[in-house]
Amino acid sequence: MRILICIDDTDNLESRGTGALASQMAEELEENGWGKSSFITRHQLFVHPDIPYTSHNSSMCFAADIDDIYLESIIGYASDFLVRESAVGSDPGLCVVTLDRLESPDLLIAFGRKAKESVLTMEEAYDLAEHLGIHLSDHGGTGQGIIGALAGIGLRLSGNDGRLKGAIKIKALNGMTSVDDICALPEVDEVRSLCGAEVKGPDVVKLGEKPKTVLLDGKSVFLVVPAEGAADGVHWQSCPRQLLKKY
Amino acid sequence: MWQINAYGEKEFLGGSEDWGGAVLAAAQCHLFRPDVEEEMVADEVISCYNCRYRRWTAASFTCSMHERTSGC
C-alpha cells in the first residue's frame, strides 16, 4: 500500500534542515526493508508573525510503497527518529497517511491550502486527523509542527504544490542538453514550458545552476522558459530558481 | 537597504523580489551562510535570499543575525 509521510518544524538556525531528516527517513525506510520511498516535496506554508517558524515555514513530504504489516513499525520508527534527530528548540510534528484508507482527501487538501494563507491551530489539525483516522503526532517542544505536517500531506495530495528536494543531475555538453535527454531522467516525469504546455523532442535546453523540478498534476515536472540571449539553435533554458519560488 | 521594524528586527527594505539588492547586501555581509539546497530561491548563491539566517516575512525577510550580533 502507499503511504505519505510528512514532517515539519524539526530544525533550528544551526541544525540540519527538515529536508535532510526527511531524506534520511526515506533512506532508512528502504534500508529496513519496509518498502520503497519516492521523491521528497517541499511545501511552503503561511508566513505570519503569529506562526513560530525558524526561517521559512515549510514542510517536507514523501511517499512510500510498503507492505501493510510494516505500517506500525514505520510510524514507531519515524516518531523515535524525530525525538532523536530534531534540533533543540524545535517543535516537530509527524503525519502518516495510508492513501487507500483515506476517505475524504478533499478535506485534507483543503486544510493544506488553508495553511498557505491563514493561521491554523493545533486543535484544528488534531480534530481533522481524528475525523479522518490518520496518524498525527507531536514529538517535542510545543508540537506546533503537526500543523505543517498535516498541511504538507494535503498539499502533496493536491498534486500541484511544492518543489522537489534536490537538484537534477544532467549530463550536459557546455551546459546544453536536449528535452528528450531531460525526459529520459528517472527523476523527471515531464518537461513543460512555464505557461503549462508540454515540451517534447530534440530541442536544445541551456541548463542553469542546479535545476530542479516542481510538483504539477502529481508529476515531477522540469520547467523551461524560452532561451534568452543564447546562441542560435538553443530553444529553451531551465527555469530560473527565482521563478520557481512561487511553487 | 535595511530598516528596524516594529518588532525590533532588521528587515530588508527591498521586499522579496529585489534579486539584485539581495546580492549586493550579501556581498557586504561577512556573516552570510548558504541555506540548505531546498530553501535556496535565488540563482546567485551569495544572496541574502539564500542565506541561512534570513527569516521570511509576509513582505520581505529579517536578518536573524541582527539579534545575535551587531548585524551585518
Side-chain angles (χ1 to χ4, degrees), chain A residues 10-23 39-62 116-119 162-169 207-214 225 237-247, chain B residues 2-27 29-72:
Chain A
T10 70
D11 62 354
N12 64 29
L13 275 179
E14 307 299 339
S15 72
R16 291 192 293 165
T18 301
L21 296 197
S23 289
F39 57 76
I40 296 166
T41 43
R42 174 211 182 269
H43 302 280
Q44 180 64 54
L45 306 170
F46 193 39
V47 168
H48 188 275
D50 290 345
I51 299 176
Y53 56 89
T54 308
S55 60
H56 20 66
N57 200 25
S58 59
S59 60
M60 294 284 171
C61 185
F62 66 95
K116 290 180 80 74
E117 55 191 32
S118 61
V119 180
R163 307 189 289 267
L164 273 69
K165 181 179 181 295
I168 302 292
K169 294 184 177 72
L207 296 171
E209 287 293 314
K210 297 182 179 176
K212 19 189 332 111
T213 55
V214 298
V225 295
Q237 62 187 55
S238 56
C239 190
R241 280 210 174 211
Q242 58 195 61
L243 294 181
L244 296 179
K245 186 185 170 198
K246 66 178 182 179
Y247 291 92
Chain B
W2 302 93
Q3 68 172 353
I4 302 300
N5 68 18
Y7 302 96
E9 301 161 330
K10 182 180 170 184
E11 185 168 24
F12 184 59
L13 280 171
S16 59
E17 298 286 334
D18 181 4
W19 304 97
V23 169
L24 281 176
C29 178
H30 65 284
L31 298 172
F32 172 82
R33 184 178 160 202
D35 204 344
V36 293
E37 178 275 334
E38 59 268 24
E39 300 298 346
M40 287 195 175
V41 295
D43 291 284
E44 300 84 358
V45 173
I46 301 176
S47 163
C48 285
Y49 289 156
N50 286 342
C51 182
R52 178 85 187 226
Y53 300 123
R54 56 92 176 83
R55 186 174 191 270
W56 292 108
T57 61
S60 182
F61 70 87
T62 59
C63 176
S64 299
M65 294 313 284
H66 177 63
E67 298 160 19
R68 299 178 165 202
T69 68
S70 57
C72 48

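Chain A is the first sequence line, chain B the second, and so forth, proteins listed ahead of strands; every chain is numbered from 1.
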key: Heavy-atom contact with chain A under 4.5 Å, split by part of B:Tyr49   = neither
ask   = Going through the distances and angles, do B:Arg33 and A:Glu14 end up as a salt bridge (charged side-chain N to carboxylate O under 4.0 Å, His left out)?
value = CA-CA 10 Å; B:Arg33 184 178 160 202; A:Glu14 307 299 339; 2.8 Å; yes
ask   = Roughly how far, to the nearest 0.5 Å, is the CD atom of A:Gln242 from the CG atom of B:Asn50?
value = 10.5 Å
ask   = Closest heavy-atom contact between B:Val36 and A:Gly17?
value = CG1-N, 4.3 Å
key: Atom CD1 of B:Ile46 with >12 non-hydrogen neighbours under 6.0 angstrom   = no
Any side-chain donor near an acceptor of the partner, B:Glu39 and A:Ser55, under 3.5 Å = no
request  = Can you establish whether the number of heavy atoms outside A:Lys210 located under 6.0 Å from its atom NZ is more than 12?
outcome  = no
ask   = Which atoms of A:His56 come close to chain B, meaning under 4.5 Å heavy atom to heavy atom: side chain ones, backbone ones, both, or neither?
value = both
message = Please check if the number of heavy atoms outside B:Gln3 that lie under 6.0 Å from its CD is greater than 12.
response = yes
key: Portion of B:Ala58 that has a non-hydrogen atom of chain A nearer than 4.5 angstrom   = both
query = Given B:Val41, which of A:Arg163, A:Lys246, A:Arg241 fulfils the side chain to side chain contact (heavy atoms under 4.5 Å, CB included) condition?
reply = A:Arg163
Best-contacting candidate, B:Glu38, B:Arg54, B:Glu17, B:Met40, against chain A by heavy atom pairs under 4.5 angstrom = B:Glu38
task = Working to the nearest 0.5 Å, report the span between OG1 of A:Thr54 and CG of B:Asp35.
result = 10.0 Å
ask   = Taking the side chain from A:Tyr53 and the backbone from B:Trp56, do they hold a donor-acceptor pair closer than 3.5 Å?
value = yes
